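Since the structure comes first, as structure tokens, the remarks are kept for the end.
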Amino acid sequence: MAKTSLKQPAVFQRDLLVWYQAHRRQLPWREAPSLYRTVVSEFMLQQTQVKTMLPYFARWMDALPDFAALAAADEATVLKLWEGLGYYSRARNLHKLARALVALPETPPTAAAWQQLPGIGPYSAAAITSIALGVASACVDGNVVRILARLTADSTEFRDSASASKVFTPLAESLLSHENPGDHNQAMMELGATVCHRRNPLCTICPVRAHCAGCAQGEPESFPRLAAKKIEKVSITRAWCERDGKLLLHRIPTTSRRLAGQYELPSDEHVLVPAKAPVLAVRKRGITRYAITETIKRIPVPSSLPNADLMWVPRAELDTITLSGPHRRWITELLKPDG
DNA sequence: AAGTCGGGGTG
DNA sequence: CACCCAGACTT
């Protein structure tokens, strides 16, 4: 059973907020805050580091500056802007959310109401309502779990981050500043991102070190304890085939659970790849729990296309389609004259 | 409760 | 390589 309070919650709040006011990073959604910018940033930040999403955020705001613009956009535009960021259901849900919000008579005022909207779970509901609306609702993300596990030196072994979040929610709520919940929540996450690192935490400069049982105990890095994930190794062979300035690609069916509607280099499930076909490249990447090795081989031009989802895409059109993940980069590399 | 969904940062 | 990242949704 996790603790639900610290010895001096009011002092903790003050130490945290004073530090945050002095050390917070200048981020686009903080410099020019708005509900829309808060919502878009929170969607992009789900399971994604700030550094990774920053260029996507700038590009997105340039193209779709407000809820009205997003609601009026077509899905292809939305997914193209999201290309490369991953977890594409986030983009579809954000699109749905914009259309739902513009149809409402007023902005939902509570975290519970926000959580009924597409793509909004417990974390996002708390983040959006506290930051943009001043609602006293505590965020519990990976950063907060790590900080709270260390503050309380909680050695519980959690199945996964979801169950840990649930366990620490009461403590997070008890520590929340009701005067300034938005800054408090952002301060917790900022502390986790810039000081209370998963490994090598910077305890010597930590503003709440005096409140931290994990630090006092000497091994803050040992918290939180999470069950190890099982990674499965997978190998995929893909085909590279050019003809008359066109590239053979596979369009993932829109009914597919993952990467629906996106394009990719055809795998050997879609087209015959001779075992002796020359290897052009070997690439490794991870998708969720799979460690994938992809071998790209040059194949002869097939006499006919066996699958309706296979198509010849002119090089000039490659920039207009949405490509699955690293395929964009691989294709760019392999299309170079010396590649 | 367990599985699934991307891609990149970092020790 | 392993683990994590301002998680949410489906089964």
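The sequence lines fix the lettering, A, B, ..., with proteins before strands; numbering per chain opens at 1. Please read all numbers here as calculations on a predicted model, not as lab measurements.
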Looking at D15(A) and V18(A), would you say the former's side chain and the latter's main chain have a donor-acceptor pair under 3.5 Å?
no
For S124(A) and K233(A), take the nucleotide of DNA chain C holding the closest heavy atom to each; which residue's nucleotide lies nearer the 5' end?
K233(A)
Between Q115(A) and E42(A), who's closer to the 5' end of DNA chain C by nearest nucleotide?
E42(A)
For side chain to side chain donor-acceptor pair (under 3.5 Å), just list the numbers for R90(A) and Q47(A), CA-CA rounded to whole Å, side-chain angles, deciding distance to a tenth of an Å, and then say yes or no.
CA-CA 11 Å; R90(A) 291 184 296 174; Q47(A) 293 295 288; over 6 Å; no
Are more than 12 heavy atoms, taken from residues, nucleotides or ligands other than R315(A), located less than 6.0 Å from that residue's CZ atom?
no
Base, sugar-phosphate, or nothing: which does [X] touch, judged by heavy atoms less than 4.0 Å apart?
{"X": "P118(A)", "answer": "sugar-phosphate"}
{"X": "K284(A)", "answer": "sugar-phosphate"}
{"X": "S161(A)", "answer": "nothing"}

If you round to the nearest 0.5 Å, how far is CG of L101(A) from CG of L70(A)?
9.5 Å
Separation between OH (Y290(A)) and CZ (R285(A)), nearest 0.5 Å, reads 13.5 Å
Using the six-membered ring wherever Trp is involved, compare the ring planes of H270(A) and H250(A) and label them parallel, tilted or perpendicular (cut-offs 30° and 60°).
parallel
Output the rounded distance in Å from CZ (F158(A)) to P (dA2(B)).
15 Å
Between R225(A) and E157(A), does at least one N-O distance fall below 4.0 Å, as a salt bridge requires?
yes
Please determine whether a side-chain nitrogen of the Lys or Arg among R24(A) and E190(A) lies less than 4.0 Å from a carboxylate oxygen of the Asp or Glu.
no
Going 5' to 3' through nucleotides 5-11 of chain B, assign each nucleotide B (protein heavy atom under 4.0 Å from a base atom), S (under 4.0 Å only from sugar-phosphate atoms) or - (no protein heavy atom that close).
BBBBSSB
Considering only distance and modelled atom types, tabulate donor-acceptor pairs under 3.5 Å from the side chains of residues 240-247 of chain A, sequence neighbours left out.
unit_1, atom_1, unit_2, atom_2, d
W240(A), NE1, E242(A), OE2, 3.1

Rounded P spacing from dG6(B) to dT10(C) in Å:
14 Å
Inter-nucleotide P distance (dA6(C), dT10(B)), Å rounded
11 Å
Using salt bridge (Lys or Arg N to Asp or Glu O under 4.0 Å) as the criterion, list what pairs up with R146(A), not counting sequence neighbours.
none
Do we see a donor-acceptor contact under 3.5 Å between the side chains of D154(A) and T156(A)?
yes
Quickly, which of K80(A), H95(A), K96(A), R92(A) forms a side chain to side chain donor-acceptor pair (under 3.5 Å) with E75(A)? Name it, please.
R92(A)
Residue-level proximity of residues 13-30 of chain A to DNA chain B when a heavy atom falls under 4.0 Å:
none
Closest non-hydrogen atom pair between I299(A) and P274(A), with its separation
CG2-CD, 3.9 Å
Scan residues 133-142 of chain A against DNA chain C and write down, sorted by residue number, each residue with any heavy atom closer than 4.0 Å; if none is found, say none.
D141(A), G142(A)
Give me the first and last nucleotide of DNA chain C, going 5' to 3', that has any atom under 4.0 Å from a heavy atom of chain A.
dC1(C) to dC9(C)
